[in-house]
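Computation of the quantities below employed the complete heavy-atom set of this structure, encompassing side-chain atoms and omitting hydrogens, waters and symmetry-equivalent molecules. Protein chains get the first letters and strands the later ones, always in sequence-line order, with residue 1 at the start of each.
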Amino acid sequence: MIVFERASRWYGQVIGVNDVTCHIGAGLTALLGPNGAGKSTLLKLLTGQIRPTAGTVRVFGMAPFANPAVLARLGYCPDSEALYDDQTGEEFVTLMASLSGLVGQERSRRVAASIERVGMTPHSRRKIGGYSKGMRQRIKIAQALVHEPDLLVLDEPLNGLDPVARHEVSELLRHLGDEGRCVVVSSHILHEVETMTRNIVLMYRGRLMAQGDVTAIRALIDRHPHRIMIETPDARRLARRLLELPYVLSARLDGIEASSVEVETRAPETFYSEFPAIVMEDNFRIRAFHSPDNTLEAVFAYLVGA
Amino acid sequence: MRDALLLKASLRDMLRPRKLLAAAILALAPAAIALVFRMAARSYVSSDTYAGVADGALFGFVLVMAAVVFCTATVRQEIEQKTIVYLLTRPLPRWRILMARYASALVATAGTVAVGALVLAVAAFGPRAAVQAPVLRDIGVLLLGSAAYGSLFLFVATLLRRPLIFGVLYAFGWETLVPQLPGAFKALSLMSYLRALAPHRAPEAESLDIRQALGPISTFVITKGLAWTVLLAVAVSLAVAAAVVFSQREYAPRDDD
């Protein structure tokens, strides 16, 4: 359905996408990478907003740039929050449906159905200018769905959604993928896309790093120790306690008067699930708790050997 | 059907309260100037006041500014508010998207100048005598001018990132300076052609203009036929050029992805 053949895209001296070759078929595929990885550029290439500087991009066997035959079968939900604020949600989706060639009762039916599908029916007669970030995100998804496209492209669709809405939208996208449509979703949050699909395309600094099942990518990531920083007045006692755990590789104090411990583990999920119980049992006082490795940027830095 | 809906949405976009206010100020400004003349002049001649204000304020300022404001917005407003992506990812040829938006900009520009001419006539001649032959002629020429300037600024908007700056420089620099230059330079100014179609008799001057004193420097004369031809050719050719450029260029705003 989507074919990139050695596609590159430069913005002057800056590279957006570098020599990407990949095929994306039916089902839900997550395009994963840290900010600046080239995800949005890749999506703009496949939605025909920009042309590749080198190589080719084919969607349904055709070059997508300004191609109505491709765009008729494509729904796009951009990352930007920008919308026509003086229109109501219903007017906006109706306009987008009309521009996709829908008319009359069929248009009204599909507009109502797509708005219903994203849970915006109670708010559809309100001006978009008064919408919350999550509501804007939902109405953007509705306009992408309204003409029931074969290919649905969503740029960071879960941004700004509350946990319940995230779950609902994830379910909706998974369902659309299960229907046999090609759904491409970009995200910079690994666990967010893991709940939706196993099929992942990894991008980093404009290059395609890996493509395939998320399990294999997880295994790649898990080869590298994961760091966790814990700030506590009981740093020495906590370090001693954590070193007893079989999955903790090291616990480093930040000095003689230690106020924090940096832990390295190969099993972060086990650590995160068991750590609260340890804290409660031994009555540790924890001031702060974070991981410098929790960002995808760090994961990718490991993967490229930085 | 799709074009009509897009036109309707674009028109609504053009007539947002802020733009409507700007259009109202532009349309009423010449009438305000005429009223000031009417109240301040020792011996008021309505036709002279109308001619002077129509030539300087309506043609020389309101027409060009309305075209700059509305016609550059056809593309740039969508890019700046990042909504262009919704239009360019729909299965509609790009030239049709542009033309639908341009039509709405033309309606707004033409409406502003036509209302401006009528209100000026009311202010200059009074409400009962407002509908006069020069006023109706001026409205016709202003509509043609809207199309010519509109296409020019539409074309510029498809090419430049800051078309408004170009428009203002063009309006106050080029169109002010070029018609004053000797020789056939005035052929490069759209305003010269509009003035050939709608000449406004200047009031009797107390002193002689230096150009009149020196005599005709150029034999180049813009006939009405030439003016019609050039203005129509500019209106059509630049609109077509804008459509071609819009179909080929990329307008997706670059962002950090």
Side-chain angles (χ1 to χ4, degrees), chain A residues 11-12 14 16-17 33 35-45 47-51 64-87 91-92 94-104 140 143-144 147 153 155-156 186 188 203 206, chain B residues 1-21 73-101 104 108 158 161 242-257:
Chain A
Y11 296 102
V14 180
V17 164
N35 290 330
K39 304 184 299 292
S40 293
T41 301
L42 204 74
L43 297 188
K44 282 176 188 164
L45 282 168
T47 53
Q49 296 177 67
I50 58 175
R51 295 186 187 92
F65 182 80
N67 185 343
V70 172
L71 298 175
R73 298 171 64 189
L74 183 150
Y76 178 53
C77 173
D79 182 25
S80 157
E81 273 185 53
L83 286 162
Y84 298 100
D85 285 351
D86 57 337
Q87 293 182 5
E91 285 169 343
F92 173 58
T94 303
L95 176 64
M96 293 299 118
S98 305
L99 294 181
S100 294
L102 296 173
V103 290
K140 274 162 50 185
Q143 64 79 32
H147 53 302
V153 180
D155 199 350
E156 306 270 1
S186 82
H188 60 278
M203 292 207 60
Chain B
M1 180 68 186
R2 285 190 278 183
D3 304 69
L5 262 159
L6 190 54
L7 172 66
K8 189 179 154 195
S10 306
L11 201 55
R12 192 170 150 178
D13 209 26
M14 289 287 164
L15 300 177
R16 283 181 187 176
R18 199 184 292 176
K19 278 199 180 154
L20 211 54
L21 180 66
T74 50
V75 179
R76 285 299 141 189
Q77 185 178 303
E78 291 286 335
I79 293 173
E80 280 163 19
Q81 64 191 23
K82 293 188 175 179
T83 45
I84 195 159
V85 62
Y86 294 107
L87 302 180
L88 298 187
T89 53
R90 293 286 156 183
L92 201 60
R94 286 185 173 196
W95 67 269
R96 279 171 63 185
I97 296 170
L98 186 75
M99 286 302 122
R101 289 194 58 81
S104 68
T158 59
R161 281 183 183 275
V244 171
V245 172
F246 191 69
S247 300
Q248 297 298 320
R249 273 175 70 106
E250 295 172 356
Y251 293 96
R254 201 196 133 198
D255 46 21
D256 297 324
D257 53 359

What residue, out of [options], has the most heavy-atom pairs lying under 4.5 Å from chain B?
options: A144(A), G75(A), P68(A); answer: P68(A)
options: L83(A), T94(A), D85(A), V70(A); answer: L83(A)
options: L95(A), N67(A), V153(A); answer: L95(A)
options: G48(A), P64(A), A69(A), A72(A); answer: A72(A)

Open item on the list: Both conditions, 6.0 Å and 45 degrees, for the charged tip of R12(B) above the ring of F92(A): are they met here?
Closed with: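 So R12(B) doesn't make the cation-pi contact.
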If I compare all heavy atoms of [X] with all of [Y], which pair ends up nearest, and what's the gap?
X: R249(B); Y: F65(A); answer: O-CZ, 3.6 Å
X: A252(B); Y: K44(A); answer: CB-CD, 4.0 Å
X: P78(A); Y: V85(B); answer: CG-CG1, 3.8 Å
X: E250(B); Y: R51(A); answer: OE2-N, 2.7 Å

Task: Q87(A), part contacting chain B, at a heavy-atom distance under 4.5 Å - done: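 For Q87(A), heavy atoms of backbone and side chain both lie under 4.5 Å from chain B.
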Open item on the list: Please classify the contact between E156(A) and chain B as side chain, backbone, both or neither, with a heavy-atom cut-off of under 4.5 Å.
Closed with: neither
Open item on the list: Has Q49(A) got a side-chain atom pairing as donor or acceptor with T89(B)'s backbone, closer than 3.5 angstrom?
Closed with: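 No: the side chain of Q49(A) does not pair with the backbone of T89(B).
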Task: Residue pair Y76(A) / R90(B), side-chain heavy-atom distance below 4.5 Å - done: no
Open item on the list: What part of E78(B) gets within 4.5 angstrom of chain A, counting heavy atoms only: side chain, backbone, both, or neither?
Closed with: side chain
